[in-house]
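Inspection log for the structure reproduced underneath, given as structure tokens.
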Amino acid sequence: MSAPDAGGVRDTPALAPVRVLPAGPHALLVELADGEHAEAFHAELLRRRERGELPGVREIVPAARTVLLDGILEGTGGRTPGERASGARERFARDLASWRVEPPRREGREPVEIPVVYDGPDLDEVAALWGVPAGEVAALHSRTAFRVAFCGFAPGFGYLTGLPERLHVPRRTTPRTRVPAGAVALAGPYTGVYPRPSPGGWQIVGWMPDPGALWDPAREPAALLAPGTPVRFVAVGAGDSPAGDSPVGDSPVGA
């Protein structure tokens, strides 16, 4: 087996093959086997862009099992004038499909710490699903090493992975019409922190006392929880639920 190069790509497959699809005239959608593969592929794209190897790609957007490459110019993927002729995007797509990316690296970055008051309205329900007393939910959740897999839903909302499969929980049967900013909630394999009030169907286990840090347009990057960021939740004392926010709305969301 060949040793990986500086970009983390082997000559032999390390993860499952990918599927590359056109997405409009200037984008490609890369479909991957699972979230881990998507995270690794996204990291490899960022490494190559930092090395100047993707000059024609304007935006790289990771999701649960896909990565979107948008703003692809006709010259992308070509090293000679002939290669930069028409059809360069198709050649670039074939090149992407041939990549064999190693599993995601876990660099020793310091995690972003998110304080949480673990007194959410779904705490008892989550405890029952986990088969533990309600008082143990905070300990199990806060000692888990999380990582932001991708962002979506609302500016600053990160989908965090890390919980073992036995601690995955379903969404609520009836979504809430209003979830306050700062709500720390679970759904499937993900944990999320709501950066602003919105409807939502995740199981709320607690609150981040000051959610304003999650999204700051004056900061670069604006999102505190950017893809690839390690995260640790820290249990803090009660009495610091979202200040000045209105209560959770439990009435059904309209169609």
Just by modelled atom types, is the Ala27 backbone N or O under 3.5 Å from a matching donor or acceptor in the Arg89 side chain?
yes

Do Val116 and Val112 share a hydrophobic cluster (ILVMFWY, side-chain heavy atoms under 4.5 Å, transitive)?
yes

Measure from NZ or CZ of Arg48 to the centre of the six-membered ring of Trp99 and say whether it is under 6.0 Å with the direction within 45° of the ring axis.
yes

Salt-bridge test for Asp122 and Arg172: reply yes if a basic N is under 4.0 Å from a carboxylate O, no otherwise.
yes

For the backbone of Leu140 and the side chain of Thr144, can you confirm whether one donor and one acceptor N or O come within less than 3.5 Å of each other?
yes

Note: Glu39-Arg147 ion pair, threshold 4.0 Å (strictly below):
yes

Please go through Leu21's hydrophobic cluster and name the other residues, only I, L, V, M, F, W, Y counting, with side-chain heavy atoms under 4.5 Å joining them.
none

Shortest non-hydrogen contact from Thr191 toward Trp202:
C-CZ3, 3.8 Å

Taking the side chain as every heavy atom from C-beta outward, state whether Tyr159 and Val148 have any atom pair closer than 4.5 Å.
no

Identify which one of Leu160, Leu129, Val169 satisfies the side-chain contact (heavy atoms from CB on, under 4.5 Å) criterion when paired with Leu186.
Val169

Check whether Leu29 and Leu54 end up in the same hydrophobic cluster, where Ile, Leu, Val, Met, Phe, Trp and Tyr are linked by side-chain heavy atoms less than 4.5 Å apart.
no

Whether His42 side chain and Val67 backbone form a donor-acceptor pair below 3.5 Å:
no

Examine Leu46 and Val20 and state if one hydrophobic cluster contains both, with Ile, Leu, Val, Met, Phe, Trp and Tyr joined whenever side-chain heavy atoms are less than 4.5 Å apart.
yes

Using only atom types and a distance under 3.5 Å, with no angle test, would you say the side chain of Gln203 pairs donor to acceptor with the backbone of Pro170?
yes

Can any side-chain N or O of Ser142 pair as donor or acceptor with the backbone N or O of Ala138 at less than 3.5 Å?
yes

Shared hydrophobic cluster, Val132 / Leu167 (ILVMFWY, side-chain heavy atoms < 4.5 Å)
yes

Following the transitive rule for hydrophobic clusters with a side-chain heavy-atom cut-off under 4.5 Å over Ile, Leu, Val, Met, Phe, Trp and Tyr, establish whether Met208 and Trp215 coincide in one cluster.
no

Within-4.5 Å side-chain heavy-atom neighbours: Leu214 and Tyr194:
no

Of Phe146, Phe150, Phe153, which is the lone residue that meets ring-ring contact (aromatic ring centres under 6.0 Å, His included) with Tyr190?
Phe150

Is there a side-chain contact between Pro227 and Cys151 (heavy atoms, below 4.5 Å)?
yes

Is it true that a side-chain atom of Arg219 and a backbone atom of Pro221 form a donor plus acceptor pair closer than 3.5 Å?
yes

